[in-house]
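Report on the following structure.
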Amino acid sequence: MLKLNDLSASYGRVQVLFNISLEVKDKSVVTLIGTNGAGKSTTLKAISRLLTSVKGSITFNGEELIGTPSDWPVKLGIVHVPEGRQLFSKMKVKENLELGAYLYAGRRTEIRERMEYVYHIFPKLADRKDQLAGTLSGGEQQMLAIGRGLMSKPKILLLDEPSWGLAPIVTQQIFDALKQLPNQGTSILLVEQNAWLALEIADYGYLIQNGSVVDSGRSSELKKQDHVREIYMGK
């Protein structure tokens, strides 16, 4: 589905990714774990074309993304939900969701069906649909950010730190919802500081240090490795 081969990326003259290779298969959850500044978020930005100073290869269902227009990943079914939510705070919940369905502009039936799908995944948003996004709790805002991404019916969701700033009980609610997505046709590439939680829902994981993949494997196996448990899980 999604493959990165020898991907390198830079911010100006500063190289931050070094020959990253990874794969996300259809209907799966893959997580990138590592410390702050390791290159996890940069990897997502390279895939979604927010960062264009890249070398190597990024293919999605066999189609090369490097060198394509910035909106091409979304048209192919790749949606990036960035860290920090980036909602339109003075717009209503349902209006924020509608913005996520711009690919379906004018197709009211499909937009309505997608919105009902999002409300099924995150029932709290249905209760808050006429509320301004800026008045939601942190957890509800994160649900809305993910929900807006789901409005375009993505084949893969790039999620950057969905637990950022949230209480553990709210984080668990969101991750319980995320577990449903692969069976409904949406794979996930997850960047998450809480490595234990990320590996709990992921099928496969990649450990990134200093812009390079230094370890990878099935999540069940990564959780058993001493260096992962000690450095990233505090166990």
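- Side-chain contact between M151 and I111: present, with at least one pair of heavy atoms (C-beta onward) separated by less than 4.5 Å.
- A donor-acceptor pair under 3.5 Å is formed between the side chain of Q141 and the backbone N or O of L136.
- When all heavy atoms are compared, the tightest approach of G34 to L207 is CA-CD1, 4.2 Å.
- Side-chain atoms of Y11 and T42, non-hydrogen and from C-beta on, do get closer than 4.5 Å to each other.
- Closest non-hydrogen pair, S41 versus D160, comes out as OG-OD2, 2.8 Å.
- Interatomic distance, N19 CG to K55 NZ, rounded to the nearest 0.5 Å: 10.5 Å.
- Without hydrogens or angle criteria, R114 side chain to L150 main chain gives a donor-acceptor distance under 3.5 Å.
- Within the hydrophobic cluster formed by Ile, Leu, Val, Met, Phe, Trp and Tyr side chains joined at under 4.5 Å, directly or through other members, L132 stands alone, with no partner residue.
- Residues satisfying the side-chain contact (heavy atoms from CB on, under 4.5 Å) criterion with V24, sequence neighbours excluded, are L2, L22, S28, V30, I156, S187, L189.
- The distance from the NZ atom of K45 to the CD atom of E83 is 8.5 Å, given to the nearest 0.5 Å.
- When side chains are defined from C-beta on, R148 does not count as touching V81, because their heavy atoms never get closer than 4.5 Å.
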Begin with the C-alpha distance, continue with both residues' side-chain angles, and end with the deciding distance and a verdict on side-chain contact (heavy atoms from CB on, under 4.5 Å) for N210 and F18. CA-CA 8 Å; N210 300 319; F18 301 86; over 6 Å; no
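- A continuous path of hydrophobic side-chain contacts links V79 to Y117 [ILVMFWY only; heavy atoms under 4.5 Å].
- In terms of hydrophobic clustering, with Ile, Leu, Val, Met, Phe, Trp and Tyr side chains grouped at heavy-atom distances under 4.5 Å, L51 and V213 are assigned to a common cluster.
- For the pair Y206 (side chain) and E23 (backbone), a donor-acceptor distance under 3.5 Å is present.
- When the side chains of ILVMFWY residues are joined at heavy-atom separations under 4.5 Å, either directly or via intervening members, M1 and L32 end up in a single hydrophobic cluster.
- Here R112 pairs with T109 under the side-chain contact (heavy atoms from CB on, under 4.5 Å) rule; sequence neighbours left out.
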Quick one: do L181 and V29 satisfy side-chain contact (heavy atoms from CB on, under 4.5 Å)? Show the steps, please. CA-CA 9 Å; L181 300 185; V29 179; over 6 Å; no
Check against salt bridge (Lys or Arg N to Asp or Glu O under 4.0 Å), K179 and D176: CA-CA 5 Å; K179 292 177 184 178; D176 286 343; 3.6 Å; yes
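- Taking 4.5 Å as the limit, every side-chain heavy atom of V54 sits out of range of all side-chain heavy atoms of L17.
- For the atom pair S163 OG and Q142 CD, the distance stands at 8.5 Å (nearest 0.5 Å).
- When atom types are taken as modelled, the side chain of S57 and the backbone of N5 share no donor-acceptor pair closer than 3.5 angstrom.
- Criterion: ILVMFWY side-chain heavy atoms under 4.5 Å apart, direct or through other members. Under it, F175 and W196 are not part of a common hydrophobic cluster.
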Yes or no on side-chain contact (heavy atoms from CB on, under 4.5 Å) for K25 and D203, after CA distance, side-chain angles and deciding distance? CA-CA 10 Å; K25 295 182 179 180; D203 304 294; over 6 Å; no
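- K40 places a side-chain N or O within 3.5 Å of a backbone atom of T35 that can act as its donor or acceptor partner.
- When atom types are taken as modelled, the side chain of S137 and the backbone of E140 share a donor-acceptor pair closer than 3.5 angstrom.
- You'll find the side chain of L197 reaches within 4.5 Å of the side chain of Q172, heavy atoms only.
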The test is side-chain contact (heavy atoms from CB on, under 4.5 Å); show your working for E200 and K223 and say whether it passes. CA-CA 9 Å; E200 279 290 296; K223 286 191 295 184; 2.6 Å; yes
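- Summarising the geometry, atom CD belonging to Q15 is positioned 9.0 Å from atom OG belonging to S53; distances are rounded to the nearest 0.5 Å.
- Contact detail for K75 and L103: the closest heavy-atom pair is CG-CD2, 4.2 Å.
- Within 6.0 Å of CZ in R107 there are more than 12 heavy atoms belonging to other residues, nucleotides or ligands.
- Across all non-hydrogen atoms, the minimal contact from S219 to G205 is OG-N, 4.1 Å.
- Clustering ILVMFWY residues whenever any of their side-chain heavy atoms sit less than 4.5 angstrom apart, transitively, puts L159 in a cluster other than the one holding F60.
- Under the 4.5 Å side-chain criterion, counting only non-hydrogen atoms from C-beta, R128 is not in contact with L144.
- Between the CG atom in L99 and the OG atom in S152 there is a gap of 12.0 Å [rounded to 0.5 Å].
- Across every non-hydrogen atom of Y119 and K129, the tightest pair is OH-CB, 3.2 Å.
- Checked by atom type and distance alone, the side chain of D6 never pairs as donor or acceptor with a backbone atom of G56 at under 3.5 Å.
- The CG atom of L158 lies 10.5 Å from the OG1 atom of T43; values are rounded to the nearest 0.5 Å.
- Inter-residue side-chain proximity for T186 and K155 is flagged as unmet; no heavy-atom pair is nearer than 4.5 Å.
- Taking both residues in full, the closest heavy atoms of N96 and A133 are given as ND2-CB, 3.6 Å, listed atom of the first, atom of the second, then distance.
- Of the residues listed (I188, T171, L190), the one engaging P162 in a side chain to side chain contact (heavy atoms under 4.5 Å, CB included) is L190, and it is the only one.
- Side chains of E161 and V191 form a contact here, defined as non-hydrogen atoms less than 4.5 Å apart.
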